[in-house]
J.: 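Can you read through this structure? Questions will come right after.
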2 protein chains.
Amino acid sequence: MSVSSKCYYAIRAIYALAEHGNAEPMKIADIAEQEMIPIRFLEVILGQLKGGGFVQSRRGAEGGYRLTRSADSLTVGEIMRYVDGPIAPVDCVSQSRPKECEFHGECHFFGFWGRVRQAISNVVDRTTFADLIKESKERNRDFVNEWMI
Amino acid sequence: MSVSSKCYYAIRAIYALAEHGNAEPMKIADIAEQEMIPIRFLEVILGQLKGGGFVQSRRGAEGGYRLTRSADSLTVGEIMRYVDGPIAPVDCVSQSRPKECEFHGECHFFGFWGRVRQAISNVVDRTTFADLIKESKERNRDFVNEWMI
DNA sequence: CTAATCTTGACTTGTCTGGTCGAAATGGGG
DNA sequence: CCCCATTTCGACCAGACAAGTCAAGATTAG
């Protein structure tokens with residue numbers, strides 16, 4: 001039930017871009033340093049995210065990456081699905097590309113796996129990157145307050 | 001976010017044993033046929049489940065496997081954890097063996113991944129094999145009723 | 001022009017998945 | 001005590017995938 005490190009890297013890269021803001025592009029090297037991602041691997045990942053239309057790039061000096069959509073309309077679930085494929089624990093309950101298993105309508109587990117899938121979806125498809133940034137800021141503020149008292 | 005086919009096979013094997021009842025042991029070949037599991041692979045899986053204390057075996061003629069615990073005290077989550085490892089989407093939010101990541105207390109995603117893990121756990125750790133059997137029976141009854149009308 | 005930056009695609013290395021196979025140990029029935 | 005059905009155990013294997021690495025080229029700002 002775990003996400004690939006590639007997928008987690010992708011999420012962190014998008015987070016970094018969202019936090020950076022879209023005023024000017026952010027360089028691969030900066031993203032890599034901030035999020036501790038191997039730079040060569042990050043190149044591959046950003047290339048893939050570009051292919052999915054999540055980010056756009058500008059080459060040359062002062063180039064870099066930026067988001068194509070606003071952080072509050074982009075959910076973590078979208079990135080997870082794009083990088084790692086369907087979120088469903090087994091293929092037969094996938095929303096986007098269900099694949100019927102050999103038990104057809106008589107599978108004992110169909111309802112169960114469906115509930116698992118729905119539980120995951122309820123979290124990842126309702127959380128946007130804007131939510132994550134907000135949450136992180138609040139956590140940080142609480143931490144500072146606590147530290148100052 | 002998907003479970004391995006080995007894990008799904010394990011779940012189906014336990015289900016078959018639970019449904020069969022513990023009066024007499026069930027043969028590997030019968031489990032394999034009923035649940036459509038490659039028999040040689042099932043041998044490996046049952047060996048592993050025996051190592052985990054979930055099933056016990058009797059050799060020789062009239063031998064086979066049976067559950068060591070009752071179906072209503074055995075959750076699907078236990079089997080998933082035993083076969084596939086922690087349910088957590090990333091290591092740092094694992095209940096049983098958390099592994100701190102390089103961001104320590106300042107990870108932007110800790111809360112998020114924790115909510116994902118909890119959502120999955122709420123389903124898999126609260127569903128017993130007795131629940132699955134009951135659900136399947138009800139579904140079957142509804143189906144028959146519908147068909148008879 | 002040149003330095004900074006992204007682009008592309010091939011390559012590597014190790015681990016995991018999903019099995020298969022053969023021989024040995026064990027237990028029940030005759 | 002012997003035979004046969006059955007589990008048991010460890011070895012083996014091919015292919016896919018994960019997680020990176022690398023080199024050379026295209027593009028753009030200044």
Side-chain angles (χ1 to χ4, degrees), chain A residues 1-13 16-17 20 24-33 35-68 80 83-86 89-91 101-102, chain B residues 1-13 16-17 20 24-33 35-68 80 83-86 89-91 101-102:
Chain A
M1 304 296 295
S2 60
V3 304
S4 67
S5 76
K6 184 181 186 179
C7 182
Y8 195 3
Y9 286 154
I11 291 169
R12 273 149 62 181
L17 290 175
H20 176 78
E24 52 193 23
M26 188 173 184
K27 292 169 207 174
I28 286 187
D30 292 341
I31 302 172
E33 191 191 7
E35 296 294 332
M36 299 209 239
I37 305 170
I39 190 163
R40 300 291 197 172
F41 198 23
L42 180 57
E43 289 177 10
V44 175
I45 293 165
L46 284 170
Q48 192 175 339
L49 288 173
K50 186 183 177 183
F54 297 103
V55 299
Q56 58 193 175
S57 63
R58 204 170 75 189
R59 297 210 233 192
E62 301 304 303
Y65 282 87
R66 57 175 60 176
L67 295 180
T68 53
M80 289 174 66
V83 176
D84 268 0
V90 301
D91 288 339
C101 72
E102 56 268 58
Chain B
M1 303 298 295
S2 59
V3 304
S4 66
S5 75
K6 183 180 186 180
C7 181
Y8 195 2
Y9 286 155
I11 291 169
R12 275 150 59 182
L17 290 175
H20 176 79
E24 52 194 22
M26 188 174 186
K27 290 172 206 175
I28 287 188
D30 293 341
I31 302 172
E33 191 192 6
E35 296 295 331
M36 299 208 238
I37 305 171
I39 189 163
R40 297 294 196 171
F41 197 24
L42 180 58
E43 289 178 12
V44 175
I45 292 164
L46 284 170
Q48 193 176 338
L49 288 173
K50 186 183 178 184
F54 297 102
V55 299
Q56 58 193 176
S57 63
R58 205 172 73 190
R59 295 212 231 192
E62 302 303 302
Y65 282 86
R66 56 175 60 175
L67 295 180
T68 52
M80 289 173 66
V83 177
D84 267 1
V90 300
D91 288 340
C101 72
E102 57 268 57

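Basis for what follows: all heavy atoms, side chains included, without hydrogens, waters or symmetry-related copies. Just so it is clear: chains get the letters A, B, ... in the order the sequence lines come, proteins before strands, and each one is counted from 1.
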J.: Between atom OH in Tyr8(A) and atom P in dA19(D), what is the gap in whole Å?
T.: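 Roughly 14 Å, once rounded to whole Å.
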J.: What integer distance in Å separates Ile45(A):CD1 from dC6(C):C1'?
T.: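 Rounded to the whole Å, the gap is 15 Å.
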J.: Just to verify, what does Thr68(A) make a side-chain contact (heavy atoms from CB on, under 4.5 Å) with, not counting sequence neighbours?
T.: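 Counting only residues at least two positions away or on another chain, Thr68(A) forms a side-chain contact (heavy atoms from CB on, under 4.5 Å) with Gln56(A).
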J.: Applying salt bridge (charged side-chain N to carboxylate O under 4.0 Å, His left out), name anything that partners Glu62(B), two or more places apart in sequence or on another chain.
T.: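 So Glu62(B) forms no salt bridge (charged side-chain N to carboxylate O under 4.0 Å, His left out) with any residue.
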J.: Which residues satisfy the salt bridge (charged side-chain N to carboxylate O under 4.0 Å, His left out) test with Asp30(A), sequence neighbours excluded?
T.: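 For Asp30(A) there are no salt bridge (charged side-chain N to carboxylate O under 4.0 Å, His left out) partners, ignoring immediate neighbours.
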J.: Under the side-chain contact (heavy atoms from CB on, under 4.5 Å) test, which residues partner Glu43(B), sequence neighbours left out?
T.: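 Scan of Glu43(B) (side-chain contact (heavy atoms from CB on, under 4.5 Å), adjacent residues dropped) gives Ile28(B), Arg40(B).
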J.: Which letters describe nucleotides 21-30 of chain C, given B = protein heavy atom under 4.0 Å from base, S = only from sugar-phosphate, - = neither?
T.: BB--BBBS--
J.: For Arg58(A), check salt bridge (charged side-chain N to carboxylate O under 4.0 Å, His left out) against everything at least two apart and list the hits.
T.: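 Salt bridge (charged side-chain N to carboxylate O under 4.0 Å, His left out) check on Arg58(A) returns nothing, list empty.
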J.: Report, as a single string ordered 5' to 3', how protein heavy atoms within less than 4.0 Å touch nucleotides 11-17 of chain C: B base, S sugar-phosphate only, - not at all.
T.: -------
J.: Rounded to the nearest angstrom, tell me the gap between atom CD1 in Ile39(A) and atom P in dA23(D).
T.: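 To the nearest whole Å, that distance equals 15 Å.
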J.: When you measure from the side chain of Asp84(B) to the backbone N and O of Ser4(B), does any donor-acceptor pair fall under 3.5 Å?
T.: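 It does hold such a pair.
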J.: Just jot down the side-chain contact (heavy atoms from CB on, under 4.5 Å) partners of Ala32(A), sequence neighbours excluded, or say none.
T.: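 Only Ile39(A), Leu42(A) meet the side-chain contact (heavy atoms from CB on, under 4.5 Å) criterion with Ala32(A).
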J.: Does Gln48(A) have any side-chain contact (heavy atoms from CB on, under 4.5 Å) partners at least two apart in sequence or in another chain, and if so, which?
T.: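 Only Lys6(A), Tyr82(A) meet the side-chain contact (heavy atoms from CB on, under 4.5 Å) criterion with Gln48(A).
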